[in-house]
Amino acid sequence: MIGTLIIIFVSLIFGYSFLKFAKIKNLFWPEKIALSFGLGIGFLTLLVYYLNILGLKFTFFSIAFPVIVLALILFYIFRKDLRLKKVTTLNLFKRLWQGFLDFTILEKVLIIVAFFLFIFNIFRAIYWPVFYWDVIALYDFRARAWIADGSIFQTGITYNYPAHPYPPLTSLAHLFSYLVGADNPKLIYPAFYFSLLASFFVGILRFVPRISAILFTFLLATSYFFVEFSSAAYTNLPYAYYLSLGFLYLYLYIKGFEQKFLIIAGFLLGFSGFVRATGEPFLIAAALVLGSYLIFAKKPKILILWLILPYVIITASWQLYLRFVLNTNPVPIDVPTLTTQNP
């Protein structure tokens, strides 16, 4: 469990640092935490991937140790923002409690049910090991194979493994958890569950009444598939996080809430293709929407690069590595299944 907490901590630091360096404003604190985790674990796995293809073996001292050191350096740089004094922390809990008391009875009931469901998913993720077939045979197995062989390249040339070309984000997250001592990496999935709910709630709260935002978030939190995949170690929930929030922040940018929300949208959509092989059609759709907006709103057309560059850095780099280094074709996009994707 400690190892999984380490990856969550490192992810939060990486994501928060990105938001600070990009100088993205107009983010509420629950939204900032939620985005810090999702973006951070994306940058963490991307960094681990690039370090490995540059020649570093999948060992603690080659990969995990320098990544943790980098996170600690970033933590030190932003320590004044991240450190809370006891009085400030006490005031924060008082404000949270006072804010909760201001909700209506219906809102309180919905929040309490969603909160206990989140806690239930944490305990379920901690108690049950990885056991679903696809996870054992593909995502988790691939992480263990990469550690055993020391590199993605070595596993790729050693085994005729049909699942090898699937996008690697969740496998790399499992791998990093194992490198830092975790025996069960599943705690990252309730973190995705919370992060999606928090970002979704704050995002839609900008343009709908509070009761509507709470109700829609509650419906999402209690969805059967959403709850099931919140501790199942499948790619469904991370993919839903990146894809849905990518379009949400693209919409918020178009509506004029914050110009730099386009940066968030670009990286979220870029990471969606690092999770599952069905990201490209949605990226094309997002590019068409953004391009049309830039033309009609007479905005600089170069802004569309905020969708293209993250895709090139994240998703396209994996596909090019498969094709030209491992001589393996990327996973083809099964268009009919796009309309039947779980959450």
Side-chain angles (χ1 to χ4, degrees), residues 12 14-40 42-43 78 81 95 99 102-103 107 192 194-221 238-273 279-315 343:
L12 288 170
F14 278 6
Y16 183 83
S17 300
F18 169 77
L19 296 176
K20 292 294 292 185
F21 281 127
K23 297 181 179 180
I24 299 175
K25 303 177 181 179
N26 298 326
L27 291 173
F28 298 97
W29 68 265
E31 182 181 29
K32 188 176 294 185
I33 294 173
L35 286 172
S36 293
F37 171 74
L39 289 169
F43 286 121
F78 298 113
D81 296 322
R95 290 176 60 186
D102 292 337
F103 289 135
E107 291 172 335
F192 269 114
F194 166 81
S195 298
L196 178 52
L197 291 178
S199 296
F200 177 79
F201 170 73
V202 177
I204 65 174
L205 187 62
R206 290 182 169 95
F207 48 88
V208 301
R210 187 181 68 186
I211 180 61
S212 299
I214 292 176
L215 178 60
F216 289 134
T217 305
F218 174 81
L219 293 175
L220 178 61
Y239 181 68
Y241 172 91
Y242 291 115
L243 186 65
S244 60
L245 293 184
F247 274 98
L248 175 60
Y249 282 94
L250 177 60
Y251 175 77
L252 292 174
Y253 162 74
I254 292 174
K255 296 296 290 184
F257 283 95
E258 168 61 50
Q259 292 296 308
K260 291 187 177 180
F261 280 177
L262 179 59
I263 301 176
I264 296 177
F267 278 96
L268 288 172
L269 291 172
F271 282 125
S272 72
E280 285 83 351
F282 296 106
L283 182 70
I284 293 172
L288 290 174
V289 171
L290 177 61
S292 301
Y293 167 74
L294 296 177
I295 292 172
F296 289 107
K298 298 181 179 180
K299 298 281 188 178
K301 311 305 181 291
I302 197 173
L303 289 175
I304 201 169
L305 289 178
W306 282 117
L307 286 185
I308 297 175
L309 289 179
Y311 169 79
V312 173
I313 295 170
I314 302 168
T315 304

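Not measured: the values here are computed from a predicted model. Index from 1, following the sequence.
- Between Tyr253 and Leu290, the closest side-chain pair of non-hydrogen atoms falls below 4.5 Å.
- For Ile24 against Leu27, the heavy-atom pair with the smallest separation is CG2-CD1, 3.8 Å.
- Using a 4.5 Å heavy-atom cutoff, the side chains of Tyr241 and Leu268 are in contact.
- Within the 3.5 Å criterion, the main-chain N or O of Phe78 finds no donor-acceptor partner in the side chain of Lys20.
- The distance from atom CZ of Phe200 to atom OG of Ser195, rounded to the nearest 0.5 Å, is 14.5 Å.
- Ala34 and Ala198 make their closest contact through CB-CB, 3.8 Å (heavy atoms, listed as atom of the first residue, atom of the second, distance).
- Taking 4.0 Å as the cut-off between side-chain N and carboxylate O, Arg206 and Glu31 count as a salt-bridged pair.
- No donor-acceptor pair under 3.5 Å is formed between the side chain of Ser272 and the backbone N or O of Tyr239.
- For the pair Ile254 and Val289, the minimum side-chain heavy-atom distance is below 4.5 Å.
- Aromatic pair Phe216/Phe201: centroids not less than 6.0 angstrom apart.
- A distance-only check finds a donor-acceptor pair linking the side chain of Tyr242 to the backbone of Gly38 [under 3.5 Å].
- Taking the side chain as every heavy atom from C-beta outward, Glu258 and Leu252 never approach each other to under 4.5 Å.
- Listed here is the closest heavy atom pair of Glu107 and Ile214: CG-CD1, 3.7 Å.
- Taken to the nearest 0.5 Å, the CG atom of Leu262 stands 5.5 Å off from the CG atom of Leu307.
- In this structure, Leu19 and Ser36 have side chains that are in contact, with non-hydrogen atoms separated by less than 4.5 Å.
- Heavy atoms of other residues, nucleotides or ligands lying less than 6.0 angstrom from CG of Leu288 number more than 12.
- Between the side chain of Lys301 and the backbone N or O of Lys299 there is at least one donor-acceptor pair closer than 3.5 Å.
- Taking CG of Leu269 as the start and CG of Leu250 as the end, the distance is 7.0 Å to the nearest 0.5 Å.
- Using a 4.5 Å heavy-atom threshold, the side chains of Tyr16 and Leu39 count as separate.
- Note that CD1 of Ile314 and CZ of Phe271 are 4.0 Å apart. Values are rounded to the nearest 0.5 Å.
- Under the 30°/60° scheme for interplanar angles, the aromatic rings of Phe43 and Phe18 are found to be tilted.
- Rounding to the nearest 0.5 angstrom, the gap separating the OG1 atom in Thr217 from the CG atom in Leu196 is 9.0 Å.
- The CH2 atom of Trp306 sits 15.0 Å away from the CZ atom of Phe261 when rounded to the nearest 0.5 Å.
- You'll find the side chain of Ser199 stays beyond 4.5 Å of the side chain of Leu248, heavy atoms only.
- Tyr251 pairs in a ring pair (Phe, Tyr, Trp, His ring centres under 6.0 Å) with only one of the listed residues (Phe207, Phe257, Tyr293), which is Phe207.
- Side chains of Lys25 and Lys260 form no contact here, defined as non-hydrogen atoms less than 4.5 Å apart.
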